[in-house]
Number of protein chains: 2
Amino acid sequence: MQDKITKLFKAIADPTRRDIFHALVIATSALSITQISSQFDISRQGVTKHIKTLEEAGLVNINTNGRERFCYANAKPLKEVSKWVEFYTQFWDNSLQNLEDFLNNSKDA
Amino acid sequence: MQDKITKLFKAIADPTRRDIFHALVIATSALSITQISSQFDISRQGVTKHIKTLEEAGLVNINTNGRERFCYANAKPLKEVSKWVEFYTQFWDNSLQNLEDFLNNSKDA
DNA sequence: TTTATATGCAACTATTTGGTTGCTTTTAAA
DNA sequence: TTTAAAAGCAACCAAATAGTTGCATATAAA
């Protein structure tokens, strides 16, 4: 399909998926698919699909117990996102902003 | 369409767009659409579309000069991504991992 | 002023995405 | 052992996405 980091970025790009992930993170125990579904307006199958995407991104792990599948969040892969962003933090306030200023000034001149 | 943060996440979810953004960040000057296109295998129109997405996410600003549109990166909006990730860093090594261990242990018992 | 360059706009296409419903299978509970 | 619950699988659908091509327009250069 696509590389790991893109899977990860795509997983967190969907707002519903971010909400599901968040619900799992703050949950005091692992939640079954049905339990997760009860918290959202979409169907159980819809949740299943999102869970699969999150699982493939490494953000959710599943522990099967009988007929139930207990899902719990794993935030570790977000380190990759953090690392990606970190590279660009050095550009938050410096040269590129200066370039912007430079161009704006040359317009006025 | 969708909320600001989702636009931002979606903007960086596409690998080509991340590449374009990166190229703009490390460029020593603003680049025209044509200049950007020359660095990528997709058509100029394809680049234009990506630039528009990046612009709407606030990651690219454009300075029009005559018939040319000079694009430059603005990394600042990534602060929002950083903030989003930061909340979950507290879960990188603690309780959720413990839950995983707990469940694995109860399987063995 | 003619010509060439930079870009925009619009239509089209294939694939992916986010969602649905229906049915089956597995497992637990009456 | 019958019944109910949890989930998977598959097909389907509409909308969004990532890309294309063709043509028009604006601007700079000969």
Side-chain angles (χ1 to χ4, degrees), chain A residues 1-21 23-24 27 29-57 59-72 103 106-107, chain B residues 1-21 23-24 27 29-57 59-72 103 106-107:
Chain A
M1 187 221 199
Q2 56 203 351
D3 60 296
K4 217 162 186 283
I5 191 83
T6 297
K7 266 191 192 173
L8 180 58
F9 274 115
K10 282 204 188 295
I12 60 175
D14 182 80
T16 304
R17 226 139 45 209
R18 284 200 304 279
D19 287 348
I20 292 176
F21 176 69
L24 289 176
S29 69
L31 300 178
S32 71
I33 302 286
T34 304
Q35 285 173 329
I36 297 166
S37 305
S38 71
Q39 297 186 35
F40 293 88
D41 280 340
I42 62 175
S43 71
R44 179 177 55 81
Q45 295 302 339
V47 170
T48 296
K49 280 195 177 182
H50 282 311
I51 288 291
K52 195 185 167 199
T53 304
L54 289 167
E55 196 191 6
E56 283 173 3
L59 292 168
V60 162
N61 291 124
I62 301 178
N63 222 294
T64 300
N65 193 313
R67 64 184 161 180
E68 288 171 300
R69 297 178 69 221
F70 290 101
C71 309
Y72 54 99
L103 289 167
S106 41
K107 264 197 310 188
Chain B
M1 188 224 198
Q2 55 203 352
D3 58 296
K4 215 163 188 282
I5 190 84
T6 297
K7 266 190 191 172
L8 180 57
F9 275 114
K10 282 203 190 294
I12 60 175
D14 182 81
T16 304
R17 225 137 48 208
R18 285 199 304 279
D19 287 348
I20 292 175
F21 176 70
L24 289 176
S29 69
L31 300 178
S32 72
I33 302 286
T34 303
Q35 285 173 328
I36 298 168
S37 306
S38 70
Q39 298 186 33
F40 292 89
D41 279 340
I42 61 175
S43 70
R44 179 179 54 82
Q45 293 302 340
V47 169
T48 297
K49 282 195 178 184
H50 283 310
I51 288 292
K52 195 185 168 201
T53 304
L54 288 166
E55 196 190 6
E56 283 173 2
L59 292 169
V60 161
N61 291 126
I62 301 178
N63 222 295
T64 300
N65 193 313
R67 63 183 161 180
E68 289 170 301
R69 298 178 69 222
F70 289 102
C71 308
Y72 54 99
L103 289 168
S106 41
K107 265 199 305 185

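Not measured: the values here are computed from a predicted model. Side-chain atoms are counted along with the backbone in the values below, which use heavy atoms only and exclude waters and symmetry mates. Each chain gets a letter, A, B and so on, in the order the sequences are listed, and its residues count up from 1.
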Rounded to the nearest 0.5 Å, what separates atom CD1 in A:Ile33 from atom CD in A:Glu68?
10.5 Å
Within this structure, what is the CD1-CG distance for the pair B:Ile36 and B:Leu31, rounded to the nearest 0.5 Å?
5.5 Å
On a heavy-atom basis, which atom in [X] and which in [Y] lie closest, and how many Å separate them?
{"X": "B:Arg44", "Y": "B:Ser37", "value": "CA-OG, 3.4 Å"}
{"X": "B:Cys71", "Y": "B:Leu24", "value": "O-CD2, 3.6 Å"}
{"X": "B:Phe70", "Y": "B:Ser32", "value": "CD2-N, 3.7 Å"}
{"X": "A:Ile62", "Y": "A:Tyr72", "value": "N-CE2, 4.3 Å"}

In whole angstrom, what separates [X]'s [atom1] from [N]'s [atom2]?
{"X": "B:Ile51", "N": "D:dT17", "atom1": "CD1", "atom2": "P", "result": "17 Å"}
{"X": "B:Leu31", "N": "C:dA6", "atom1": "CG", "atom2": "P", "result": "13 Å"}
{"X": "A:Gln2", "N": "D:dT17", "atom1": "CD", "atom2": "C1'", "result": "12 Å"}
{"X": "A:Ile12", "N": "C:dG18", "atom1": "CD1", "atom2": "P", "result": "13 Å"}
{"X": "B:Gln35", "N": "C:dA6", "atom1": "CD", "atom2": "C1'", "result": "11 Å"}
{"X": "B:His50", "N": "C:dT7", "atom1": "NE2", "atom2": "P", "result": "17 Å"}
{"X": "B:Ile20", "N": "D:dT17", "atom1": "CD1", "atom2": "P", "result": "16 Å"}
{"X": "B:Lys52", "N": "D:dT17", "atom1": "NZ", "atom2": "C1'", "result": "13 Å"}

Filtered N/O pairs between nucleotides 28-30 of chain D and protein, under 3.5 Å:
none

Expected output is a numbered-order residue list: members of residues 36-44 of chain B with a heavy atom under 4.0 Å from any atom of DNA chain C. What is it?
B:Arg44
Within-4.5 Å side-chain heavy-atom neighbours: B:Thr53 and B:Arg17:
yes
Quick one: does B:Lys52's side chain get under 4.5 Å of B:Glu56's, heavy atoms only?
yes
In residues 4-11 of chain B, which ones come under 4.0 Å of DNA chain D, going by heavy atoms?
B:Lys10
Looking at [X], does any N or O in its side chain come under 4.0 Å of the phosphate oxygens OP1/OP2 on [N]?
{"X": "B:Thr16", "N": "D:dG19", "answer": "yes"}
{"X": "B:Thr48", "N": "C:dA6", "answer": "no"}
{"X": "A:Arg17", "N": "C:dG18", "answer": "yes"}

Tabulate protein N/O versus nucleotide N/O from nucleotides 12-15 of chain C, keeping only pairs under 3.5 Å, one per line.
none

Using side chain to side chain contact (heavy atoms under 4.5 Å, CB included) as the criterion, list what pairs up with B:Thr16, not counting sequence neighbours.
B:Asp14, B:Ile20, B:Ile42, B:His50
DNA chain C: 5'-proximal contact among B:Glu68 and A:Asp14 (nearest heavy atom):
B:Glu68
Side-chain atoms of residues 6-13 of chain B: list all donor-acceptor pairs with protein atoms under 3.5 Å, sequence neighbours left out, distances to 0.1 Å.
unit_1 : atom_1 : unit_2  : atom_2 : d
B:Thr6 : OG1    : A:Arg18 : NH2    : 2.8
B:Thr6 : OG1    : B:Asp3  : OD1    : 2.8
B:Thr6 : OG1    : B:Asp3  : OD2    : 3.3

Given DNA chain D, 5'-ward residue of the pair B:Gln45 and B:Thr53, judged by closest heavy atom:
B:Thr53
